[in-house]
Amino acid sequence: MVDRAGTGARAGRPRDAHLDAAILDSTMAVLGKVGYKHLTIGEVATRAGTTKPALYRRWASQQELVLAALARQLGGIEAPDTDCTLCDLHESISVFVDAFHRLPPNVLAPLLADCAGHDDLRTAFMTTLFEPPRAAVRQTLRGAIARADLRPDLNLDLAVDLLASLVYYRALFGHAPLTGADIEDAVETLLRGIAVDYDTLLAHSLAQPSPSAAHGRHEPHA
């Protein structure tokens, strides 16, 4: 059974926290070196100074092991909250950028493909890697709705998808870089569609002291 963190921990067996950490460290090292497709349990075990049976007693499959290592690497994600909706949405996109950059390349796509045919593993993938940044951004949008900056009937999940899609699309396909100016343009385009009054939000943002790195990028348009 895969738990929320994708660790596959088994009840009733004492765990050596130091060995667990060594295995997860070794997993990240191998992922960074060869990617997911070429990772082997044997190499992970050797790097960690343990055996394959010891590793499998902790995680029942390679997918569960990798999910546990990536979950630890991803860590906690805080919801942006600057009291400036333009800044918050800019930083919300940055949440997805940062989450993507915390994970090694050549891992997410093949890991998702490997988990897709197994309901438990796919659920673990989504709750471990996909949902945490979405939950943080969803919380930020709720704050903007509470301030009456965004429409109360806003479809939160759709808005989160809109904010995340630019990051994942460009990161996965690599056809163009994602710059601060691109993020600002995306925020403006989105807010002009979902804000109660975009011009008022812009005026409020420009009148504030700089609460975030994104603040200085807001510019009025003729």
Discussion item. Tell me the closest heavy-atom pair linking T82 and C87, and the distance in Å.
Written reply: OG1-CB, 3.5 Å

Discussion item. Restricting to side chain to side chain contact (heavy atoms under 4.5 Å, CB included), what partner residues turn up for I145, sequence neighbours left out?
Written reply: L150, L154, L156

Response to the item:
Scanning both residues in full, the closest heavy-atom pair of L67 with F125 reads CD2-CA, 3.8 Å

Worksheet, complete the sentence: Between D83 and H204, the two heavy atoms sitting closest are O-NE2, 3.2 Å

Practice prompt. Specify the closest pair of heavy atoms between E184 and L86, including all atoms of both residues, with the distance to one decimal.
Written response: OE2-CD2, 4.5 Å

Practice prompt. Give, for atom CG of D81 and atom OG of S92, the distance between the pair rounded to the nearest 0.5 Å.
Written response: 10.0 Å

Worksheet entry | T179-D182 side chain donor-acceptor pair, cut-off 3.5 Å | yes

Worksheet item: Is there a donor-acceptor contact under 3.5 Å from the side chain of T140 to the main chain of P80?
Response: yes

Item to complete: Indicate yes or no: at least one non-hydrogen side-chain atom of R192 is less than 4.5 angstrom from one of D199.
Response: yes

Worksheet, complete the sentence: Rounded to the nearest 0.5 Å, the NZ atom of K37 sits from the CG atom of L111 at a distance of 12.0 Å

Worksheet, complete the sentence: For A135, the side chain to side chain contact (heavy atoms under 4.5 Å, CB included) test, sequence neighbours excluded, returns E131, R138

Fill in: Rounded distance [0.5 Å steps], OH in Y198 versus CG in L190
10.5 Å

Response to the item:
Here the gap from E64 atom CD to D120 atom CG, rounded to the nearest 0.5 Å, amounts to 8.5 Å

Worksheet item: Please walk me through it: do D114 and Y36 pass side chain to side chain contact (heavy atoms under 4.5 Å, CB included)?
Response: CA-CA 10 Å; D114 216 13; Y36 177 76; 2.4 Å; yes

Response to the item:
CG of L103 to CD of Q73, rounded to nearest 0.5 Å, is 7.0 Å

Worksheet item: Would you find more than 12 non-hydrogen atoms of other residues, nucleotides or ligands less than 6.0 Å from R122 atom CZ?
Response: no

Worksheet item: For the side chain of S205 and the backbone of L201, is there at least one donor-acceptor N/O pair under 3.5 Å apart?
Response: no

Worksheet item: Is there a side chain to side chain contact (heavy atoms under 4.5 Å, CB included) between L141 and D88 once you walk through the steps?
Response: CA-CA 8 Å; L141 293 177; D88 281 351; over 6 Å; no

Practice prompt. Mind checking ring pair (Phe, Tyr, Trp, His ring centres under 6.0 Å) for H175 and listing every partner two or more places apart, or none if nothing turns up?
Written response: Y169

Fill in: Residues R134, D157: salt bridge by 4.0 Å N-O rule
yes

Worksheet, complete the sentence: All heavy atoms of R47 vs all of A29, minimum pair found to be NH1-CB, 3.7 Å

Worksheet item: Ignoring hydrogens and geometry, is there a side-chain-to-backbone donor-acceptor pair from R102 to L74 under 3.5 Å?
Response: yes

Worksheet item: Side-chain heavy atoms under 4.5 angstrom apart, residues restricted to Ile, Leu, Val, Met, Phe, Trp, Tyr: same cluster for L202 and V196?
Response: no

Worksheet item: Between the side chain of R58 and the main-chain N/O of A54, is any donor-acceptor distance below 3.5 Å?
Response: yes

Worksheet entry | Qualifying residue for side-chain contact (heavy atoms from CB on, under 4.5 Å) with L70, from L24, T128, V107 | V107

Fill in: Gap between atom CD of E91 and atom CG of L163 - 0.5 Å precision
12.5 Å

Worksheet item: Only one of V44, L65, T27 forms a side-chain contact (heavy atoms from CB on, under 4.5 Å) with W59, so which one is it?
Response: L65

Worksheet item: Would the number of heavy atoms belonging to other residues, nucleotides or ligands and lying under 6.0 Å from CG of D119 be above 12?
Response: no

Fill in: Ionic contact status for D20 with R72, cut-off 4.0 Å
no

Fill in: Pair V160-F96, side chain to side chain contact (heavy atoms under 4.5 Å, CB included): steps then yes or no
CA-CA 10 Å; V160 171; F96 292 108; 3.9 Å; yes

Discussion item. Taking K33's backbone N and O only, do any of them form a donor-acceptor pair with H38's side chain (distance below 3.5 Å, no angle check)?
Written reply: no

Worksheet item: Any donor-acceptor pair under 3.5 Å linking the side chain of R151 with the backbone of G193?
Response: yes

Practice prompt. Work out which heavy atom in A79 is nearest to a heavy atom in Q139; give both atom names and the distance.
Written response: CB-CD, 3.8 Å

